[in-house]
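All remarks here apply to the structure that follows.
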Amino acid sequence: NSMLILNDYTTFQFQPTQFIQLAKPLALGGYLDAVGMQSHDVTNYSAANLKRDLDNIYSQLNVPIYISEYDIGLTNDQQQLQNIQNHMPVFWAHPAVKGITIWGYVEGSTWITGSGLMSANGQARPSLTWLMNYIKQNPKQ
């Protein structure tokens, strides 16, 4: 009853073609249940490009997509917030996206500076506050 999910990095901005080439034979052969899109590479990536990439990946692989390791490595609270406000609605609304994993939500606990949504003492950054409100106001069915 397990699923096979191919999870890889730099799949949006830097190597989407290579990822699709790797996954396509598995997906078309029925061996792949889903793909995981590590999302360290979407900082300052537009919502339009993100949607285009999700549409392309899904149209070529026709398997569910899981957003994994999503983070925005920016120390400026407003810039981080703007990125998350641009990306999360695209992920949330896309019919192929079946799950989103926030990666490294505690500031200073990852290899990516500025990726945390809360400080080590538990203080929420604006992005975390916005994200919790967004999820509350937009429940998934």
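Everything numeric in this text was worked out from a predicted model, so none of it was measured.
- Contact check for I102 versus M88: side-chain heavy atoms found under the 4.5 Å cut-off.
- By the rule that hydrophobic residues join a cluster once side-chain heavy atoms approach within less than 4.5 Å of another member, I65 and L28 end up as members of separate clusters.
- Tested against S127 for a side chain to side chain donor-acceptor pair (under 3.5 Å), the candidates Q85, Q79, Q80 yield a single pass: Q80.
- Under the 30°/60° scheme for interplanar angles, the aromatic rings of Y58 and H94 are found to stand perpendicular.
- Contact record, V35 with L61: CG1-CD1, 3.9 Å, taken as the closest heavy-atom pair.
- M132 and I67 end up in the same hydrophobic cluster when Ile, Leu, Val, Met, Phe, Trp and Tyr side chains are linked at under 4.5 Å.
- Evaluated for a ring-ring contact (aromatic ring centres under 6.0 Å, His included) with Y70, the options W103, Y9, F91 yield exactly one hit, F91.
- Residue F12 is tested with R52, M37, Q38 for a side chain to side chain contact (heavy atoms under 4.5 Å, CB included); the sole match is M37.
- Panel note: side chain E107, backbone S119; no donor-acceptor pair is recorded below 3.5 Å.
- Other residues, nucleotides and ligands place more than 12 heavy atoms under 6.0 Å from the OH atom of Y45.
- Between W130 and Y134, the two ring planes are parallel [angle under 30°; tilted spans 30° to 60°].
- Considering every non-hydrogen atom in both A34 and M3, the closest pair reads CB-CE, 4.0 Å.
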Run H40 and D71 through side chain to side chain contact (heavy atoms under 4.5 Å, CB included) and show every step you take.
CA-CA 6 Å; H40 300 293; D71 63 355; 3.1 Å; yes
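- Remark: the backbone N or O of D41 is paired with a side-chain donor or acceptor of Q13 at under 3.5 angstrom.
- Checked against salt bridge (Lys or Arg N to Asp or Glu O under 4.0 Å), D77 has the following partners two or more places apart in sequence or in another chain: R125.
- For the residue pair N133 and Q137, no side-chain donor N or O sits within less than 3.5 Å of a side-chain acceptor on the partner.
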